[in-house]
Amino acid sequence: MRALVYHGPRNIRYDDVADPKIAETTDAIVRVERSGICGSDLHIYHGQGFSPDVGFCVGHEAVGEVVELGGGVRRLSAGQKVMLSAAVGCGSCAKCLGGHIARCENGAAGCYGLGQQLEGCQAAYVRVPMADFNAAPIPDGLTADQALMLTDNLPAAYYGCRHAEIGPGKSVAVVGLGPIGLMAVETAFLLGASRVFAIDLVPERRAIAAEMGAEPIDGTNAIAEIAGRTKMRMADAVVEASGSDATVSMAIALAGVGGTASIVGVNLTPAFQFPMAMAFVKNMTFRIGTCSVQCHWPELIPLIQNGRLHPERFISHHMPLSKGAEAYRLFDARSGGALKMVLTAD
Ligand SMILES: NC(=O)c1ccc[n+]([C@@H]2O[C@H](COP(=O)([O-])OP(=O)(O)OC[C@H]3O[C@@H](n4cnc5c(N)ncnc54)[C@H](O)[C@@H]3O)[C@@H](O)[C@H]2O)c1
Ligand SMILES: [Zn+2]
Ligand SMILES: [Zn+2]
C-alpha cells in the first residue's frame, strides 16, 4: 500500500510499504478515507518526536471503512464507517474503563504513528488493536470531517479545558491557536467562560479566535498585556496548546492566584525550569498529560450533533494523501491560511 513515511527531520515521503495484517483476534483493518495532520506530527517532522525511529508510517487521526476483523471483535462489522481514537488502550483494565488510558494497567497505552511500535494511519490502511475499544462507528448525523476531529483534536481541546477547571464566569487564557487552541476557545465559551484571551504569534489565527468572541493577544507581549487588562489578576484558567518551553512558562505566568494551568501541548524537554516559587506563592494548580480520546466521545458527540461545537470549521485544507509532504510543509509554515490539514484517500 501507499503511506506517508518519516525518514528524518523535514523528510516525510509517500512510499510503498507492506499492507497491515490482523495480528491479534481483537484487531481490525480499516481502509483510511481521511486522516489528519496534528501538531504532534509536527514535533516528529522537526526531529523532536517520541522515538528515535525512522522508516515508520506517521499519523494518528483517521476515519475509514472496516475491511477485515479478527474473530474476537464483537462491536464492529465489515463495511462499517468508523472513527479511530488516537489514544490506544487495552479497553479492559480498570484504568482504561475509568477513562485514563495513559494509566493502562496492561501496558497497552499507545498511539499510532509515533515510531515502529504501532504503524500510523496517514496510509491507505491501518491496523487497529483492541478494535472494540479503540474505534467506533461514526455517529448519526456527523460528517466524516466532524468525526475526524473527534479522533484527537477536539477531545484534546476539551480535556485541556476540563483540566483547567473552566466554568461559569471564569476568565480564561488559551496559549497557542492551532486547531486545538482554537477549539479550546470555542469550548471555553461553551463551558461558561466570561472572557477568553486568545494568544498566538500568527495574526490570522488570532483573528479566527476574535470572531468567536475572544480577545486576541499577540504572543510576543502576552503576559504584560493580560496583566494590564486584568489589573494584575491574570486568568483563572489557562490552556496551553503549543508545547514549547516558552509557551509552557507563559501559561504558568498567566495563571492568577488560585488559578490553574493545563498543559495540552507536547513538551518533551527533559529538565524544564519550573518556576516553583511563583507557583507556590500563587497557590496554583498545574496539570499535564495525554488525552484519553474515546472516553470523551459520550460528551462531545451530542455537542456536535446539536450544533454547540463546530470542529470542522477549523479545517483549512483537504489534500490527497499523495500530496502529504506538501501538506506537512504548509502546516509547518503556518502560512497560506493553513490550519487543520486533512488528507484524503488517493
Ligand atoms: N496532550 C495531548 O493529548 C495532545 C493531543 C494532541 C495534540 N497535542 C499537542 O497540542 C499542541 C497543539 O497542536 P495543534 O494541532 O493545535 O497545532 P500546532 O502545534 O501547530 O499549534 C501550535 C500553535 O502555537 C503557536 N505558538 C507557537 N509559539 C508561540 C508563542 N511563543 N506564543 C503564542 N503562540 C505560539 C503557533 O503559532 C501555533 O498556532 C501540539 O504540541 C501537539 O503535540 C497534545
Ligand atoms: Zn495528535
Ligand atoms: Zn488498559
Side-chain angles (χ1 to χ4, degrees), residues 35-46 48-50 58-61 85-114 120-121 130 133-134 149 151-160 163 173-185 197-206 208-209 216-223 239-251 254 262-268 287-293 296 314 328 330-335 338-341:
S35 57
I37 305 180
C38 177
S40 298
D41 296 323
L42 286 185
H43 297 308
I44 298 171
Y45 189 65
H46 295 152
Q48 293 155 358
F50 306 80
V58 282
H60 53 266
E61 305 173 355
S85 164
V88 171
C90 82
S92 55
C93 76
K95 295 293 188 300
C96 280
L97 293 170
H100 300 289
I101 292 168
R103 305 176 199 169
C104 177
E105 290 166 346
N106 290 320
C111 180
Y112 307 93
L114 305 185
C121 58
M130 309 294 175
F133 183 64
N134 296 313
M149 299 305 262
T151 63
D152 180 25
N153 282 188
L154 179 61
Y158 180 73
Y159 147 92
H163 255 185
V174 177
V175 183
L177 304 173
I180 295 176
L182 287 170
M183 281 185 270
V185 170
F197 303 108
I199 305 154
D200 205 289
L201 304 172
V202 182
E204 293 79 18
R205 295 185 173 188
R206 296 199 296 269
I208 296 170
I217 311 265
D218 186 343
T220 54
N221 191 32
I223 297 170
V239 180
E240 192 276 352
S242 188
S244 70
D245 286 1
T247 50
V248 174
S249 298
M250 191 193 300
L254 288 175
S262 159
I263 311 302
V264 179
V266 172
N267 180 307
L268 299 177
R287 291 208 177 89
I288 187 165
T290 54
C291 175
S292 296
V293 170
H296 298 293
F314 307 108
Y328 268 85
L330 281 169
F331 187 44
D332 183 40
R334 300 180 177 131
S335 60
L339 198 53
K340 186 68 192 176
M341 313 298 287

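What you see below is based on every heavy atom in this structure, not just the backbone, and it leaves out hydrogens, waters and symmetry mates. We count ligands from 1, going down the list as the structure has it; atoms in each ligand are counted the same way.
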Please identify which atoms of ligand 1 are closer than 4.0 Å to at least one heavy atom of [X].
X      : answer
Met250 : 32 (N)
Leu177 : 23 (C), 39 (O)
Gly265 : 9 (C), 10 (O), 11 (C), 41 (O)
His43  : 40 (C), 41 (O), 42 (C), 43 (O)
Cys291 : 2 (C), 3 (O)
Gly178 : 16 (O), 21 (O), 23 (C), 39 (O)
Cys38  : 6 (C), 7 (C), 15 (O)

State whether the number of non-hydrogen atoms from other residues, nucleotides or ligands found under 6.0 Å of Arg287 atom CZ is greater than 12.
yes

Closest protein heavy atom to [atom], given as residue, atom name and distance to 0.1 Å:
atom                    : value
atom 16 (O) of ligand 1 : Ile180 N, 2.9 Å
atom 28 (N) of ligand 1 : Leu201 CD1, 3.7 Å
atom 26 (N) of ligand 1 : Ser242 OG, 3.4 Å
atom 31 (N) of ligand 1 : Thr247 CG2, 3.7 Å
atom 43 (O) of ligand 1 : Ser40 OG, 2.7 Å

So if I apply the side chain to side chain contact (heavy atoms under 4.5 Å, CB included) rule between Leu177 and each of Glu204, Met183, Arg206, which one comes out positive?
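One option only clears the test, and that one is Arg206.
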
Do Asn134 side-chain atoms and Gly89 backbone N/O form a donor-acceptor pair below 3.5 Å?
yes

Does the Asn106 side chain pair with the main chain of Ala108, one donor and one acceptor, at a distance under 3.5 Å?
no

Region of Val202 engaging ligand 1 - heavy atom pairs below 4.0 Å
side chain

Heavy-atom distances under 4.0 Å decide this one: backbone, side chain, both or neither, for Ala156 against ligand 1?
side chain

Which option wins on minimum heavy-atom distance to [atom]: [options]?
atom                    : options                        : value
atom 33 (C) of ligand 1 : Ile288, Val266, Val174, Asp200 : Asp200
atom 6 (C) of ligand 1  : Asp245, Asp152, Leu182         : Asp152
atom 20 (O) of ligand 1 : Arg334, Glu204, His60, Lys340  : Arg334
atom 22 (C) of ligand 1 : Gly176, Ala241, Cys111, Gly39  : Ala241

Taking side chain as C-beta onward, heavy atoms only, is [X] less than 4.5 Å from [Y]?
X      : Y      : value
Glu61  : Ile37  : no
Leu339 : Leu182 : yes
Tyr112 : Ser85  : no
Ile44  : Leu114 : yes
Val88  : Cys111 : no
Phe50  : Val266 : yes
His60  : Thr151 : no

Shortest non-hydrogen separation from [X] to [Y] and the atoms involved:
X      : Y      : value
Ile180 : Ala157 : O-CB, 3.5 Å
Lys340 : Gly36  : CE-CA, 4.3 Å
Cys291 : Ala87  : O-CB, 3.5 Å

Near the Zn ion (ligand 3), which protein N/O/S atoms fall under 2.8 Å?
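Under 2.8 Å from the Zn ion (ligand 3) - ignoring waters, which are not counted - the protein N, O or S atoms are Cys90 SG, Cys93 SG, Cys96 SG, Cys104 SG.
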
Would you sort out whether Thr247 and Glu240 count as a side chain to side chain donor-acceptor pair (under 3.5 Å), showing the intermediate values?
CA-CA 7 Å; Thr247 50; Glu240 192 276 352; 2.7 Å; yes

Return yes or no for this condition: an N or O of [X] is under 3.5 Å from an N or O of ligand 1.
X      : value
Thr290 : no
Gly243 : no
Ser244 : no
Val264 : yes

Return the [atom1] to [atom2] distance between [X] and [Y], rounded to the nearest 0.5 Å.
X      : Y      : atom1 : atom2 : answer
Asp41  : Asp332 : CG    : CG    : 11.5 Å
Asn153 : Phe314 : CG    : CZ    : 10.5 Å
Ser242 : Asn267 : OG    : CG    : 9.5 Å
Arg103 : Thr290 : CZ    : OG1   : 9.0 Å

Sequence neighbours excluded, the answer for ring-ring contact (aromatic ring centres under 6.0 Å, His included) partners of Tyr45 is Tyr328

Heavy atom of Gly289, distance to ligand 1 below 4.0 Å:
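In this structure, Gly289 qualifies as a contact of ligand 1 - some heavy atom is under 4.0 Å.
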
Side-chain donor-acceptor pairs of residues 92-102 under 3.5 Å, sequence neighbours excluded:
{"unit_1": "Lys95", "atom_1": "NZ", "unit_2": "Glu105", "atom_2": "OE2", "d": "3.2"}

Take the Zn ion (ligand 2) and tell me which protein N, O or S atoms are nearer than 2.8 Å.
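As for protein N, O or S atoms lying under 2.8 Å from the Zn ion (ligand 2), they are Cys38 SG, His60 NE2, Asp152 OD2.
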
